[in-house]
Amino acid sequence: MAESPAEEKTVVEHETLKYSLLGPSLTKSGQDNVDQQKVSEIIYNASKGSKYFNNEEARDKNLTQKIERILEKKAQLEKLDLASDRRKADEYIAELELSRDLSQVVVHIDCDAFYAAVEELDRPGLKDVPFAVGGGVLTTCNYHARKFGCRSGMAGFVAKKLCPELIMLKLNFDKYTAKAQEVREIIVDYDPRFESASIDEAYLNITEYCRRNNIEPEEAVEQLRREVHEKTKITISAGIAANAKLAKICSNKNKPNGQFSLPRDRNAIMAFMRDLPTRKVNGVGRVFERELDAVGVKTCGDIYQYRQYLAKLFGDKAFAYLMQCYLGLGRTTVQPAEEYERKSVGTESTFGEMSNTAELRDKLLATAQELEKDMVRTQFKGRTICLKVKLHTFEVFTRQVIPPKAIYLAHDLYKYSLPMLSKLEQEFPGMKLRLMGLRCTHLVSMKKPDTMAFFGFKRKPTSLDAIESDSPSTDTSKRKASTLSTPDSNEEQWESWPDELLFEDAERQEREDEMQELETLSQEIDKRRHHGKEIVPNPKKGEEVEEEWWDCPICGRPQSASEKAFNEHIDLCLSRQTIRDVVQETTESKSTDSTPAPKKARLGNEKKERGGLPGDPKQRRLCFG
DNA sequence: GCGGATCAC
DNA sequence: TATGGTGATCCGC
């Protein structure tokens, strides 16, 4: 069938779109014997014409244009002499090579189709039929279902088209959490400081375990997997390598129920990376994969030959990241998830299309109430509140403000986000939403009082002292580990507020007062730390602190460090601060003195492993397996 | 610093 | 008929 040039162009353009529609988990296992061409057609036809599809199409066109710009830039660069860039790249590679550490044995373990596996334990009959877990979108599915092309992240109705017999189960999150805990109780014996990367993944450093038991890593992991299977009936896959990045890649090699060990040897690692498709590396997704492919980089080995272009095409951070991919470098440290510092707390939800202003406000209030719960649970306030909306067209917008104080109560969350919502309604008259979310950033931790005392501040006594039983200790060395090195992360050590008091007004008020006080203090500590002035614990008596003076980080003037004066001054200073007025009309183009953003990207600054967020796995409501 | 975009799970 | 929620990071402006 002959097609007109215009039709042909559409067909070509939709090739990338079809690839995109296949979803982000294309590289997952269980898809080897699937006819991707056929699956792609079914997904495409099931999606065609929907609002979701149209949005994906628009995004795909944008990406195609972005790639064209990248290619134009590359063509320009090819005309220049890039000897200097090549030399810089080589110097950087040499520098990285010096940092290579092959002394550690890092293991990444991954439970196979975790949620599905847990469901099968309860209903063995499921083993022989294709089924998925999740509602409108699949969170995971068993290997039977994967043979039909079903995978996580796929819309339920699309999965049904691929596999009409597919059984859909609802999520039982508590069940998965309990089972995950069983697994953790076993792996803790192999590395007491193992790192939960998500509900069904963990990193271990078994160097010490192997040394102590005089056992080879491969054998230790075989034993670990056998033990997990015997005791929990869950099968896991594992990767063994010299660092976390490689171990993660390796755990996918022999999935499911297998393991793969990459020798901790430079040549072996370089050879392994040389033929590895970029997409297999954590951090390279569908978009970056396409961009890299466009400039000629298909495998990690290809990175080297294009090293003189990469910084200019993708930025310094991406350059550094790619160089580490080429060399097969990664972190060798593994640490408990709780030791990572949380950066935000947020909630969002999807609902039937909504455009009525009153309804939208109700939804905002409900969202604020939901966020308050999370803020209380995690014991944080936020200095910044961010509103997220998704239109019925699937376009996403975010707006943020800085309230005059750190907030966490639904009332305040609502108060400060409502103007943003109103402004969006003006911006998009009659806007129809399908999602709304609120997120707090620039968090202020509600630290334990003795932590505050450690920094030299005193606390007003409250009735809560009765249930806190904190004795001001002079042993600073112990606290140093838990407070200085990981300032805001030890959520679990804070006493939680008794449930029965939560909604008692009097108690609530008291709690708020205390939180306010702690917040102000911790804000101050935060600011001082920010200004590079290390807070040195004063081992002497507390009264000396009160006589100290300090430069206010806001106005810069010296102030008495006494608690009362301190609080009063901070309040005054904060109220003086000009906060961006959200109700203000849009007079944006007035400011022509836009200061250029400081280019902070520093070569050699190791890019933090994307994703794998720490955070308390228990708090994850939804996690794809 | 803000908003958009990408990524992981 | 119809396509998720939580959290992190990076980039351009």
Side-chain angles (χ1 to χ4, degrees), chain A residues 21 23-25 27-28 43 46-47 49-53 55-56 59 62-63 66 110-111 114-115 134-140 152-161 171 173 196-201 248 279 281-291 314-318 320-321 340-353 370-371 374 378 384 386-388 390 394-402 434-435 437-443 580 588 591 594-601 605 607-617 619-625:
Chain A
L21 286 170
S25 58
T27 58
K28 295 263 168 158
I43 297 175
S47 304
S50 69
K51 290 173 178 176
Y52 174 81
F53 178 93
N55 184 251
E56 288 300 303
R59 284 164 52 100
N62 274 343
L63 178 55
K66 184 180 171 194
D110 196 334
C111 301
F114 184 55
Y115 294 180
V137 169
L138 311 191
T139 58
T140 194
S152 65
M154 181 177 278
F157 74 94
V158 174
K160 278 273 191 187
K161 281 236 161 63
L171 286 157
F173 202 77
S196 289
S198 73
I199 191 168
D200 71 332
E201 279 181 45
K248 167 85 179 158
R279 186 71 150 80
V281 187
N282 220 321
V284 179
R286 281 174 294 182
V287 171
F288 200 20
E289 178 192 30
R290 261 191 73 187
E291 293 174 357
F314 300 113
D316 290 340
K317 282 287 201 318
Y321 169 77
Y340 284 94
E341 183 185 3
R342 182 189 271 274
K343 305 275 183 8
S344 72
V345 179
T347 181
E348 64 186 62
S349 65
T350 297
F351 39 81
E353 289 181 7
E370 197 58 39
L371 182 54
D374 295 338
T378 56
T384 303
C386 177
L387 172 71
K388 171 178 173 179
K390 194 189 278 181
F394 286 85
E395 292 167 289
V396 174
F397 297 95
T398 60
R399 295 291 184 269
Q400 61 180 27
V401 288
I402 305 171
R434 75 185 323 277
L435 172 145
L438 284 176
R439 176 167 299 273
C440 281
T441 59
H442 298 113
L443 299 181
R580 189 181 147 209
E588 76 251 296
S591 57
S594 60
T595 51
K599 282 270 182 191
K600 56 172 180 178
N605 190 13
K607 177 178 180 152
K608 214 172 175 181
E609 198 180 36
R610 297 203 219 174
L613 158 81
D616 186 349
Q619 315 306 358
R620 300 223 176 160
R621 297 194 180 116
L622 195 60
C623 241
F624 281 13

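Below, chain A is the first sequence line, B the second, and so on; all start at residue 1.
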Taking only the side-chain heavy atoms of A/Ser349 (C-beta and beyond), determine which of B/dC9, B/dC7, C/dG5 contains the nearest atom. C/dG5
Check: A/Tyr115 main-chain N/O paired with A/Thr140 side-chain donor or acceptor under 3.5 Å: no
Please report, rounded to the nearest Å, how far the C1' atom of C/dT9 is from the CD atom of A/Glu341. 14 Å
Side-chain N or O of A/Arg59 versus OP1/OP2 of B/dG4: is the shortest distance under 4.0 Å? no
Considering just the side-chain nitrogens and oxygens of A/Arg439, establish if one lies under 4.0 Å of OP1 or OP2 belonging to C/dT6. no
Counting any heavy atom closer than 4.0 Å, what does A/Phe397 reach on the DNA or RNA strands: base, sugar-phosphate only, or nothing? sugar-phosphate
Side-chain N or O of A/Ser47 less than 4.0 angstrom from OP1 or OP2 on C/dT3? no
side-chain hydrogen bond (donor to acceptor under 3.5 Å, both in side chains) filter on A/Ser47, not counting sequence neighbours, yields none
In terms of side-chain heavy atoms of A/Glu201, which of C/dT3, B/dC9, B/dG3 is nearest? B/dC9
Output the rounded distance in Å from CZ (A/Arg434) to C1' (C/dG4). 9 Å
B/dG3 phosphate, OP1 or OP2: any side-chain N/O from A/Thr398 under 4.0 angstrom? no
Identify which nucleotide among C/dA8, C/dT3, B/dC2 has an atom closest to any side-chain atom of A/Ile402, counting heavy atoms from C-beta outward. B/dC2
Of the candidates C/dA8, B/dT6, B/dC9, the side chain of A/Asn282 sits closest to B/dC9
If the C1' atom of B/dC7 is compared with that of C/dG4, how far apart are they to the nearest Å? 15 Å
Flag the pair A/Leu21 / A/Tyr52 as yes when at least one side-chain heavy-atom distance between them is below 4.5 Å, and no otherwise. yes
Return the nearest nucleotide to the side chain of A/Arg342; candidates are C/dG7, C/dT3, C/dG4. C/dG7
When the distance from CZ of A/Arg279 to P of B/dT6 is rounded to whole Å, what number comes out? 13 Å
What is the distance, to the nearest angstrom, from the CZ atom on A/Arg286 to the C1' atom on B/dC7? 10 Å
Under the 3.5 Å rule, do the base of C/dT3 and the side chain of A/Thr350 count as making a donor-acceptor pair? no
